[in-house]
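Working notes, beginning with the structure itself.
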Amino acid sequence: MSIAANLSKLKKELDSYKAKLIAVSKTKSNEEIMEAYKAGQRAFGENQVQELVEKQEQLPKDIDWHLIGHLQTNKVKYIAPFVSLIHSVDSLKLLIEINKQAAKNNKVIDCLLQVYIADEDTKFGLGYDETIELLRSEEYAQLKNIRIVGVMGIATNTKVEKQIRDEFQELRVFFEGLKQSFFRTEDYFKEISMGMSGDYTIALEEGSTMIRVGSTIFGSRIIPHWKNN
Ligand SMILES: *Cc1c(COP(=O)(O)O)cnc(C)c1O
């Protein structure tokens with residue numbers, strides 16, 4: 001099926017939910033992205049800073065670019081001028097740098113805290129305790145140029161549906177707890193970014209507000225091993 005047909009099928013599935021679709025375009029060409037763009041898609045996700053910056057320069061300026069992969073502190077400056085949402089904030093140090101670069105650009109950058117929910121050695125994400133510690137810290141309280149709008153999680157890569165469902169459920173419950181404790185009056189704290197090609201149906205059922213879907217739209221990726229992420 002074509003990219004446009006894949007998108008329209010996905011959109012139909014999304015109809016009964018309030019979730020937003022982030023089209024994950026990593027490793028995909030500008031032509032492929034334009035095909036999705038012409039079909040009306042505007043939110044795209046990338047996981048590499050350099051690739052994201054190149055695509056942003058070359059593609060239409062009304063695209064909303066989401067960074068979904070691990071972000072190194074020294075690369076924040078490259079995306080700060082244009083990024084719509086950073087899904088992968090996994091340390092206070094990174095948040096402080098995002099705040100600094102956002103201030104330089106006279107803006108506020110929206111961020112999600114990436115919370116570690118999988119039962120595997122995935123490299124990135126904050127533990128539950130670490131997340132709470134971050135939100136309680138004085139350093140965080142002083143950051144005026146970032147806004148935490150929710151959480152992001154990646155479920156275990158498994159065929160066991162119950163496990164994936166439990167992990168998503170846990171993230172939703174954790175989100176609700178954070179909302180009560182830290183963001184009760186902040187309407188902007190409302191996003192739960194969870195669900196990829198293999199598990200977005202479960203994620204939607206468990207309350208996802210943003211699904212990050214790549215291969216279901218663009219076809220499978222052939223990823224050079226050094227870029228594997
Ligand atoms: C690649 C990637 C996705 C999309 O993966 P698909 O299985 O192709 O849908 C979603 N989230 C993150 C963080 C990714 O790196």
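No hydrogens, no waters, no symmetry mates; every other heavy atom, side chains included, goes into these values. Note that the structure is predicted; figures quoted are calculated from it, not measured. Whatever order the structure lists them in is the order used to number ligands and atoms, beginning at 1.
Not close to ligand 1: His87, with no non-hydrogen atom less than 4.0 angstrom away. The shortest heavy-atom distance from Thr216 to ligand 1 is not under 4.0 Å.
Close contacts between ligand 1 and Ser197 involve ligand atoms 6 (P), 7 (O), 8 (O), 9 (O) [criterion: under 4.0 Å to a heavy atom]. In the vicinity of Val213, heavy-atom distances shorter than 4.0 Å reach the ligand 1 atoms 9 (O). Within ligand 1, counting atoms from 1 as listed, the ones closer than 4.0 Å to a heavy atom of Gly214 are 4 (C), 6 (P), 8 (O), 9 (O).
Ring geometry for Phe218 versus Phe44: interplanar angle of 30 to 60°, hence tilted.
The local environment of CZ in Arg136 is sparse, with at most 12 non-hydrogen atoms from other residues, nucleotides or ligands closer than 6.0 Å.
Between atom CE of residue Met194 and atom CD of residue Gln169 there is a gap of 9.0 Å, rounded to the nearest 0.5 Å.
Between the side chains of Glu167 and Gln163, a donor-acceptor pair is found at a separation under 3.5 Å.
Comparing heavy-atom distances from atom 8 (O) of ligand 1 across Gln114, Met196, Arg221 singles out Arg221 as nearest.
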Could you walk me through whether Asp15 and Lys11 satisfy the salt bridge (charged side-chain N to carboxylate O under 4.0 Å, His left out) test, starting with their C-alpha distance in whole Å, then the side-chain angles of each, then the deciding distance to 0.1 Å, before giving a yes or no? CA-CA 6 Å; Asp15 258 359; Lys11 290 259 175 63; over 6 Å; no

